[in-house]
Structures are given as C-alpha cells and as structure tokens.
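Labels below follow one simple rule: chain letters A, B, ... track the order of the sequence lines, proteins then strands, and each chain is numbered from 1. Source: prediction; values computed, not measured.
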Amino acid sequence: MNPALKVLKERGFFQQCTDESILNGMLEKGEVRFYAGFDPTGPSLHCGHLVPLFAMAHLQKFGHKPIALVGGGTARIGDPSGKTEMRKMLTVEQVKENAESLKKQIARFIRFDENEALLLDNAEWLASLNYIDFLREIGRHFSVNKMLTFESYKKRLETGLSFIEFNYQLLQSYDFLILRRRYGCTLQIGGDDQWGNIVAGMDLIRRLDSAEVCGLTFPLVTRSDGKKMGKTEKGAIFLDAAMTPVYDFFQYWRNVADADVGKFLKLYTFLPTAECDALGARTDAGINEAKEILAYELTKIIHGEEEADKARNAARAVFGGSGGSREGMPSLEIPAAELENGINVLDLFAKTSLCASKGEARRLIAGGGASVGETKVTDEKMTVTADDVTDGEIILKAGKKRFFRIIVV
RNA sequence: GGGGAGGUUCCCGAGUGGCCAAAGGGGCCAGACUGUAAAUCUGUUGGCUUACGCCUUCGAAGGUUCGAAUCCUUCUCUCCCCA
C-alpha cells in the first residue's frame with residue numbers, strides 16, 4: 001500500500017474512498033494534486049476542521065500538492081449536508097472577511113511555500129457564473145431523482161430545503177471540475193458528510209472530461225461520550241485565540257475522555273503512530289499524563305510553542321503539577337486603589353469570565369464552589385481587600401477546574 | 001392561491017386569564033467520589049437587590065382586562081393537506 005494512504009488509514013483518517021486501488025495507484029505514481037474545502041461561514045475555523053487540516057498536512061508531507069479551497073462563493077448559499085436547519089445567509093462582506101481569517105489559520109497546517117500548495121477561493125469562478133450557461137453545461141448532468149436519494153437531502157425534505165441549498169451539490173461538483181481543469185486536481189478529501197457531493201463531482205468530471213478522479217472521506221469524529229466534537233455549551237472550540245483563549249483550548253483537550261486519548265493523538269498531533277497507541281493504552285496516572293501531551297502538542301501546532309508552554313504552565317500551576325507558572329491563566333488587571341476600599345466578592349467574580357452575572361456568582365458561592373486564593377467563600381457579603389493579595393495577584397477559583405487571575409496594578 | 005396546525009426560558013417539551021420566572025426531561029454549572037477522566041448520587045439553573053421587592057422573558061406590534069404565555073386584531077416565520 002502506498003505509504004501516504006497507509007498513514008491516513010493507520011491514524012484514523014480513512015472512512016471510505018471511491019476506488020481504493022485507483023487511489024492507491026494514483027498516489028504511487030507521483031505527486032497528486034488534491035483539495036479540501038472550507039466554508040467561511042464563521043470568522044474562525046473550529047475543532048471540526050482539524051481533521052481535514054491534519055489530513056492535508058500528512059499528504060503534503062508525502063509530497064502531494066494541496067489546494068485549500070475557501071468556499072467564498074458557496075458559503076453564500078449554505079450546504080445542507082448534515083444540517084437539520086436552514087443556514088443563515090451571510091452577506092458578501094462577511095464571507096470575505098471570514099475567508100481572510102481562515103487563510104491564516106490554514107497556513108498553520110499547510111506550507112504554502114512548498115509542493116506548489118495553493119489557497120483558492122471558489123468565488124473566483126462561481127461569482128461570475130451565468131445562470132443559463134450553467135444550467136446548460138452543468139445542470140443537465142444532474143438527476144433530481146438521484147439527488148433526492150442522498151441521505152442528506154432526504155432528511156432535509158422532512159423539514160424543508162430551499163432551492164439554493166439544493167444546488168450546493170452542483171456548485172461543489174463544479175469546483176472539483178474547475179480545479180481539475182485548471183490545476184490538475186484529481187483527489188478531493190473531506191468529511192464523510194461530503195461523500196455525496198464528492199461522488200457527484202467525480203461523476204460530473206467523468207461525463208464532461210472523461211477523466212478519472214478520486215474521493216476520500218474521513219470518519220465523523222465522535223467523542224466516546226457521544227457528544228459532539230469540539231463543542232461546549234458555550235459554543236464551539238475555535239482556533240482563533242480571540243474567540244477561544246489558548247488556556248481554554250488547552251483545557252478542552254486536557255479533559256478529553258480516557259477512551260479518546262489514543263484516537264485523538266493520532267488525529268490531532270503529528271506524533272508517531274506507535275507512540276500515540278502506546279500513550280492511549282496507558283491507564284491511571286499514565287493516561288492523565290497522556291492527555292497533557294495531547295493538549296500540549298495540539299496547542300503548539302495551533303498557537304505556537306510559546307503559547308502552548310504558557311497554557312501548560314498555567315494548568316500545572318493551578319492543578320499542582322511541577323514547573324507551573326500562572327502567566328497563561330485568564331487574567332484581569334485591577335488598580336490597587338480599588339482594592340483599598342475592598343471589592344465585594346460577587347462583584348469581583350462577575351467581572352471575570354468565571355461568572356456571567358452576580359446571580360451566577362451567588363449560586364456558585366451557595367454551592368460551595370467559589371474560592372479566593374485558598375479560602376473558600378462562604379459568605380456572599382465577603383469583601384476582597386488588599387489583604388487577599390499574594391505576590392501582586394489574587395487567584396479566584398470557580399469549582400476545581402476554572403481559575404482566574406486578578407493582577408493588581 | 002385555499003384549508004389546517006404551530007412558534008414557550010440553552011435544547012426538547014408542558015402550560016390555554018391571576019397559585020407562572022413558567023411542570024418535566026436533557027444539557028450546563030457546582031458539591032461528594034476521583035486521576036483536571038468516566039459512571040453514580042446531591043444541589044442549582046433570567047437579571048438587579050442584604051432583603052421586602054423590582055425589572056426583562058413565552059415569534060412581532062397593537063388591543064381587551066384590575067391582571068395576559070394564556071382572550072382579540074394585524075403582521076411574520078415554520079410545518080401539513082389541497083390546487
């Protein structure tokens with residue numbers, strides 16, 4: 001088997017492909033131009049996008065030529081695949097802005113200075129399409145009957161599917177067609193929810209250009225507890241530090257379930273497969289340590305080594321490990337003068353990201369989950385003063401895991 | 001175009017004039033147990049207030065009423081049936 005394909009399989013990136021022997025042969029034969037799409041529906045990529053990013057990085061390491069396609073054109077429509085509700089329409093400006101920030105994040109995974117890696121925006125060819133021409137040339141090759149048999153559309157038929165969303169498959173197929181014609185792209189990779197769209201693109205290319213191309217999908221990553229990957233109640237875990245602080249990002253991965261550690265190490269780090277398996281097979285204190293490795297390695301890739309160190313040190317400081325430093329902990333500066341008069345605990349907690357309101361702070365205290373420094377807060381009328389300051393800062397705790405650093409200036 | 005059913009707090013879902021900040025479940029947060037895990041049990045879960053209480057919330061805007069999530073009018077969105 002081709003080594004690149006082997007790595008993808010070993011690491012859990014392989015769900016299904018259109019024809020394995022053809023794909024294998026293609027990869028063996030030489031550098032393959034491949035693409036994966038990213039929808040700029042938000043200003044930042046989130047954890048759900050990590051799998052295709054890592055897959056692209058792996059393939060590039062084997063010399064294959066990646067195209068990261070930002071869906072500046074398609075994002076204006078919305079893909080119904082896997083969605084149960086209609087997507088919000090975005091304005092052209094929003095999409096453009098989003099596309100810009102996605103590019104920077106993708107660049108952390110793909111080296112655009114090597115292997116002729118490309119970053120394209122499908123608005124380039126979609127925006128100027130002529131409706132009539134498109135129907136004549138592309139639309140006639142699609143059978144509505146066939147499209148309706150796709151699982152993703154079936155589901156949407158129950159709740160409602162607008163015509164423009166229904167057209168998504170045509171546009172994505174057209175993307176593939178254009179990329180093959182212009183850049184010789186012969187492989188599309190994506191999440192398994194994209195299977196239908198990928199196959200449709202393949203069919204279109206076979207019909208119009210009589211050319212053979214391949215598709216490969218990744219499994220939908222699930223957590224062992226059945227919850228959605230990369231989602232918390234506060235929303236998705238984003239790659240942008242402004243949206244998900246590095247410390248929170250680190251902590252998310254630090255807290256994954258035991259059963260997921262090995263799988264996630266293979267998917268979300270570049271550590272050798274054997275090492276990932278070994279780490280994931282650990283138990284007790286060992287698995288706990290493996291989680292730190294997972295969190296650290298991934299944070300390093302997304303936010304850089306310096307930030308990853310900070311986050312790890314902050315976590316260690318908080319949870320009592322060695323080599324701790326509080327620098328990476330979420331923090332807030334408060335003038336010393338304010339402390340002179342004393343600040344009510346409720347007000348102080350409500351100011352931080354620990355509590356959204358004073359009511360929430362009150363509940364936290366009532367539940368016995370709030371601490372100032374090492375002292376548990378038992379009275380909501382308590383006042384925090386300069387006496388509580390240690391080394392120029394006050395550490396607030398909400399529960400065992402959430403910490404906040406007040407820096408006195 | 002005609003007819004019907006609906007839009008409730010983070011989600012699902014009760015509520016059909018005052019006892020409703022709104023049942024129940026899920027989730028979230030916290031406590032116990034632990035390994036910053038899982039499972040389990042317990043508590044909590046709109047905002048402000050020391051408190052009495054006040055304010056905002058039941059698709060939107062008006063109206064009836066001492067009082068509306070609940071009644072009326074208009075608008076809007078979703079689903080279903082017919083054309």
Using atom NZ of A:K400 as one end and atom P of B:rC29 as the other, report the distance to the nearest whole Å.
12 Å
Span that lies between the C1' atom of B:rC71 and that of B:rC66, in whole angstrom:
16 Å
Would you mind reading off the distance between A:D248 atom CG and B:rC28 atom C1', rounded to a whole angstrom?
15 Å
So does A:K401 get a side-chain nitrogen or oxygen closer than 4.0 Å to the phosphate oxygens (OP1/OP2) of B:rA37?
yes
Closest non-hydrogen atom pair, A:V372 against A:I394
CG1-CG2, 3.7 Å
Centres of the A:F250 and A:Y296 rings: under 6.0 Å?
no
Gap between atoms NZ and C1', on A:K397 and B:rC29 respectively (whole Å)
17 Å
Whole-Å P distance, B:rG24 and B:rA14
15 Å
Would you indicate which nucleotide in B:rG31, B:rU36, B:rG47 comes nearest to any side-chain atom of A:N288?
B:rU36
Compare side-chain N and O positions of A:R312 against OP1 and OP2 of B:rU36 and report whether any pair is under 4.0 Å apart.
no
Say you pick atom C1' in B:rA69 and the same atom in B:rA21; how far apart are they, in whole Å?
11 Å
Looking at the side chain of A:R402, which of B:rC29, B:rG35, B:rG47 is the nearest nucleotide?
B:rC29
A:R362 CZ to B:rC48 P, straight-line distance once rounded to whole Å
7 Å
Interatomic distance, A:R282 CZ vs B:rA37 C1' [rounded to whole Å]:
15 Å
Judged by nearest nucleotide, the residue sitting upstream toward the 5' end of RNA chain B, A:F250 or A:A350, is A:F250
A:F218 vs A:F13 aromatic rings, parallel, tilted or perpendicular, using cut-offs 30° and 60°?
perpendicular
Think A:S357 has a side-chain N or O under 4.0 angstrom from the OP1 or OP2 of B:rG46?
no
A:D260 CG to B:rA39 P: how many Å, rounded?
12 Å
When you compare B:rU42 with B:rG47, how far apart are their P atoms, in angstrom units rounded to a whole number?
25 Å
Any-strand Watson-Crick or G-U partner of B:rG35, both distances under 3.5 Å:
none
Closest nucleotide among B:rG47, B:rC48, B:rC29 to the A:L364 side chain:
B:rC29
Check whether the side chains of A:Q194 and A:Q172 place a donor and an acceptor atom closer than 3.5 Å, and report yes or no.
yes
Nearest-Å distance for atom pair CG/C1', residues A:L354 and B:rC28
16 Å
Tell me whether the centres of the aromatic rings in A:Y183 and A:Y35 are closer together than 6.0 Å.
no
Does A:A398 reach a base, just sugar-phosphate, or nothing at all? Heavy atoms under 4.0 Å.
sugar-phosphate
Given A:R316, A:R312, A:R254, the one that forms side chain to side chain donor-acceptor pair (under 3.5 Å) with A:E292
A:R316
Between B:rG25 and B:rC80, how many Å separate the two C1' atoms, rounded to a whole number?
27 Å
Rounded distance in Å between the C1' positions of B:rC28 and B:rU44
11 Å
Could you tell me how far B:rU57 sits from B:rA68 if I compare only their P atoms? Round to whole Å.
12 Å
Starting from the 5' end of RNA chain B, give me the residue, A:A370 or A:T283, whose nearest nucleotide shows up first.
A:A370
Just name whichever nucleotide pairs with B:rA21, Watson-Crick or G-U, keeping both distances under 3.5 Å, else none.
none
So which nucleotide does B:rC52 pair with, by the Watson-Crick or G-U wobble rule with both distances under 3.5 Å?
none
Distance between P atoms of B:rU16 and B:rU50 (Å, rounded)
37 Å
Between B:rA37, B:rU34, B:rU45, spot the one nearest the side chain of A:R363, thanks.
B:rU45
Short side-chain N/O contact to B:rU49 OP1/OP2 from A:K358, under 4.0 Å
yes
Does any N or O donor sit under 3.5 Å from an N or O acceptor when you compare the side chain of A:R254 with the base of B:rU36?
yes
Taking a pair to mean Watson-Crick or G-U wobble geometry with both distances below 3.5 Å, B:rG6 pairs with B:rC77
Does the gap between the ring centers of A:F319 and A:F403 come in under 6.0 Å?
yes
Regarding A:E292, tell me which of base, sugar-phosphate or nothing describes its non-hydrogen contacts under 4.0 Å with the strands shown.
nothing
Find the distance A:R316:CZ to B:rG35:C1' and express it as a whole number of Å.
16 Å
